[in-house]
S.K.: 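Structure in structure tokens, see below.
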Number of protein chains: 2
Amino acid sequence: MTDVGQRPQRRSDALTKAGIVDAAIEILDDGGAGALTFRALAAHLATGAGALYHHVANKGVLLSTAASAAMTEVLAAAGSADPAASIRSVTVGVFDAITARPWLGSQLVAAPWQPAVLQLFDRLGSDVTALGVPEPAQFDAASALVHHVLGVASQYDAGQGLDPAGGGRSGVIASSASPLVRPDGGRYPFLVRIEQQLVDHDDRQQFEAGIEIILTGLGALRRGAATGEDTDRGTGS
Amino acid sequence: MTDVGQRPQRRSDALTKAGIVDAAIEILDDGGAGALTFRALAAHLATGAGALYHHVANKGVLLSTAASAAMTEVLAAAGSADPAASIRSVTVGVFDAITARPWLGSQLVAAPWQPAVLQLFDRLGSDVTALGVPEPAQFDAASALVHHVLGVASQYDAGQGLDPAGGGRSGVIASSASPLVRPDGGRYPFLVRIEQQLVDHDDRQQFEAGIEIILTGLGALRRGAATGEDTDRGTGS
DNA sequence: ACCTGAACACCGTTCAAGT
DNA sequence: ACCTGAACACCGTTCAAGT
């Protein structure tokens with residue numbers, strides 16, 4: 001976002017893990033996940049590649065630390081007193097962050113149970129609890145919400161290095177001709193039928209619709225607590 | 001599954017794309033995503049690495065073709081006359097395939113809108129239609145189901161090459177001490193509270209619970225078709 | 001046309017050598 | 001202790017040369 005590629009000369013202050021992660025995020029925001037290499041990062045910080053290993057163990061922790069920092073930002077900005085509104089605010093906040101920073105989406109789905117995912121899980125777990133979902137179902141409920149977010153995240157990590165057939169939700173699929181033909185030469189009957197929606201739809205709106213579907217499902221879960229103690233107050237905290 | 005590393009000598013028949021993909025799947029099943037390199041694949045087929053490029057454009061299409069083949073298997077084996085049962089059968093079928101072949105999970109979340117995902121999307125879209133979800137909501141409904149599957153897929157791709165903090169759903173998190181401490185030193189109140197469930201829970205069962213939550217939400221969607229034509233028969237196909 | 005395999009342009013990571 | 005930067009062990013991909 002800010003200035004990148006500037007000042008590749010000076011190196012007065014000592015290296016810090018925080019400083020390295022900040023620089024990494026700058027590179028990620030500016031050039032995407034593919035732009036982050038230890039050589040580029042070292043050049044950006046005017047140091048040698050090996051120096052970085054004194055502060056971060058490897059590229060994995062660098063990326064998961066960056067993702068965790070981004071998630072902390074999102075969670076700090078989102079929330080509401082009403083549990084359902086809070087769930088909407090948090091999940092949409094993550095969605096917006098992922099569209100603004102595709103590297104975040106890639107990283108969230110790349111490493112299971114990394115800090116950023118745990119942070120999100122914990123927050124949604126608290127919201128789900130406040131929503132009145134009974135204890136035994138809270139874990140499943142939070143899971144469903146996290147999976148929805150991660151599923152969407154996985155659709156936004158393009159750019160990277162693999163399938164050249166990818167390239168953008170609308171563009172590739174909507175272009176009518178070849179992409180709607182299966183590898184075996186068959187067709188996709190459902191996708192062909194709703195093709196116009198594929199072209200016209202708004203990803204963010206569709207994401208929100210998915211959250212509403214889950215919230216509706218959770219509402220039924222809340223009411224139908226067949227096994228439960230009748231009101232369950234007193235577990236404190 | 002079968003024999004790997006055998007017969008690295010003979011090469012009588014000509015190379016085929018299908019044969020290359022089959023060999024790739026064998027390597028993936030046997031050694032995981034990290035084991036598939038063009039050098040290993042060439043050795044397995046007793047040919048040179050460059051020869052492979054006469055049949056597959058790059059590693060991306062190799063992986064997405066392999067994933068598509070695996071998805072075709074799953075979809076052929078799954079299904080039911082009852083729409084809801086079919087959705088359960090298809091999604092659980094994909095879940096089982098992902099746990100059996102972690103490389104499939106990695107690949108599904110690595111490339112957006114690849115053939116394997118389109119196949120799944122199309123199938124779930126048809127099921128959702130048969131379930132009675134009204135036309136304008138069918139796309140959102142199928143999306144929600146696909147995202148749930150992909151979200152789970154993203155939690156299974158460990159093994160690979162990044163965060164060494166990962167390592168297994170139960171093991172890492174459940175070990176009580178450090179993993180439940182946030183990067184900023186704080187704690188995860190929700191996760192700490194349900195820690196025992198984290199240890200005890202069954203991933204497959206939790207996946208099914210998520211599908212049930214979504215199915216419940218879809219049920220409400222089906223009833224509340226406020227905009228709709230009253231019965232909507234006749235769109236044929 | 002298909003195949004070969006050395007070569008190219010990268011990676012992440014290590015490590016002797018400096019300060 | 002921290003930093004340097006060349007070197008190592010890989011990658012995916014290309015391409016002259018063979019058949």
Side-chain angles (χ1 to χ4, degrees), chain A residues 7-21 23-24 27-28 31-67 103 106-107 110-111 158-166, chain B residues 7-21 23-24 27-28 31-67 103 106-107 110-111 158-166:
Chain A
R7 48 180 96 78
Q9 63 283 18
R10 50 197 174 105
R11 165 95 268 116
S12 52
D13 48 347
L15 284 172
T16 332
K17 175 164 180 182
I20 292 173
V21 171
I27 292 175
L28 288 166
L36 183 64
T37 67
F38 272 76
R39 284 171 179 80
L41 185 55
H44 192 73
L45 290 165
T47 184
L52 303 173
Y53 285 88
H54 284 271
H55 301 93
V56 302
N58 55 46
K59 193 172 184 181
V61 315
L62 181 62
L63 281 168
S64 76
T65 306
W103 62 267
S106 313
Q107 174 55 24
Q160 290 266 52
L162 291 189
D163 191 5
Chain B
R7 48 180 96 77
Q9 63 283 17
R10 50 198 174 106
R11 164 98 265 117
S12 51
D13 47 347
L15 284 172
T16 331
K17 175 164 179 182
I20 293 172
V21 171
I27 292 174
L28 288 166
L36 182 64
T37 67
F38 273 77
R39 284 170 179 82
L41 185 55
H44 191 75
L45 289 164
T47 182
L52 303 173
Y53 284 88
H54 284 270
H55 301 94
V56 300
N58 54 45
K59 193 173 182 180
V61 315
L62 181 61
L63 281 168
S64 76
T65 306
W103 62 267
S106 312
Q107 174 55 23
Q160 290 267 53
L162 292 188
D163 193 4

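Bear in mind the structure is a predicted one, so any value in this text is a computation, not a measurement.
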S.K.: Is there a side-chain contact between His55(B) and the phosphate of dC3(C), meaning an N or O under 4.0 Å from OP1 or OP2?
M.R.: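 Answer yes for this pair, as a side-chain N or O of His55(B) is under 4.0 Å from OP1 or OP2.
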S.K.: Can you tell me how far P of dT14(D) sits from CG of Leu52(B), to the nearest Å?
M.R.: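 Answer to the nearest Å: 13 Å.
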S.K.: For Ala23(A) and His44(A), work out which heavy atoms get closest and say how close.
M.R.: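 Shortest heavy-atom separation between Ala23(A) and His44(A) comes out as CB-CD2, 3.7 Å.
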S.K.: Hey, does Leu36(B) reach any base, or is it just sugar-phosphate, or nothing, if we go heavy atoms under 4.0 Å?
M.R.: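 It contacts sugar-phosphate atoms only.
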S.K.: Write down the atom of Ala35(B), the atom of Ala40(B), and the distance for their closest heavy-atom approach.
M.R.: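 What the structure gives for the nearest pair is O-CB, 3.7 Å.
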S.K.: When both hydrogen-bonding distances must be under 3.5 Å and the geometry is Watson-Crick or G-U wobble, what is dC2(D) paired with, if anything?
M.R.: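 Looking at the geometry, dC2(D) pairs with dG18(C).
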S.K.: How far does CG of Leu62(A) sit from CD1 of Ile20(A), to the nearest 0.5 angstrom?
M.R.: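 Spacing of CG (Leu62(A)) from CD1 (Ile20(A)) equals 8.0 Å.
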S.K.: Side chain of His54(A): nearest nucleotide among dT13(C), dG12(D), dC3(D)?
M.R.: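 My answer, after comparing the listed nucleotides, is dC3(D).
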S.K.: Rounded to whole Å, how long is the line connecting atom CG of Leu15(B) with atom P of dA1(C)?
M.R.: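 Answer to the nearest Å: 17 Å.
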S.K.: Over how many whole Å does the gap from Leu63(A) atom CG to dT13(C) atom P extend?
M.R.: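 Distance check: Leu63(A) CG to dT13(C) P gives 10 Å.
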S.K.: Rounded off to whole Å, could you give me the CD1-to-C1' distance for the Ile27(A) and dG12(C) pair?
M.R.: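 Spelled out: CD1 on Ile27(A) to C1' on dG12(C) is 15 Å.
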S.K.: Between atom OH in Tyr53(B) and atom P in dT14(D), what is the gap in whole Å?
M.R.: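 The answer, rounded to whole Å, is 7 Å.
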S.K.: Mind checking who dG12(C) pairs with, Watson-Crick or G-U wobble, both distances under 3.5 Å?
M.R.: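 Because both required distances fall under 3.5 Å, dG12(C) counts as paired with dC8(D).
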S.K.: Which comes earlier along DNA chain D counting from the 5' end, the contact point of Ala51(A) or that of Arg39(A), where each point is its nearest nucleotide?
M.R.: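 So the residue in question is Ala51(A).
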S.K.: Could you give the CD1-to-P distance, from Ile20(B) to dC2(C), as a whole number of Å?
M.R.: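 Value for this atom pair: 11 Å.
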S.K.: Output the rounded distance in Å from CZ (Phe38(B)) to P (dC15(D)).
M.R.: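 For the pair Phe38(B) CZ and dC15(D) P, the rounded distance is 16 Å.
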S.K.: Where the side chain of His55(B) meets the backbone of Leu15(B), is there a donor-acceptor pair that is under 3.5 Å apart?
M.R.: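 Confirmed, His55(B) side chain pairs with Leu15(B) backbone.
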S.K.: If you take all heavy atoms of Ala66(B) and Leu28(B), which pair is closest and at what distance?
M.R.: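 That closest heavy-atom pairing would be CB-CD1, 4.2 Å.
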S.K.: Roughly, in whole Å, what's the span from CG in Asn58(B) to C1' in dG12(D)?
M.R.: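 Distance, rounded to whole Å: 9 Å.
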S.K.: Side chain of Thr37(B) only, heavy atoms from C-beta on: which candidate in dG12(D), dC3(C), dA7(D) is closest?
M.R.: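 Closest nucleotide to the Thr37(B) side chain: dG12(D).
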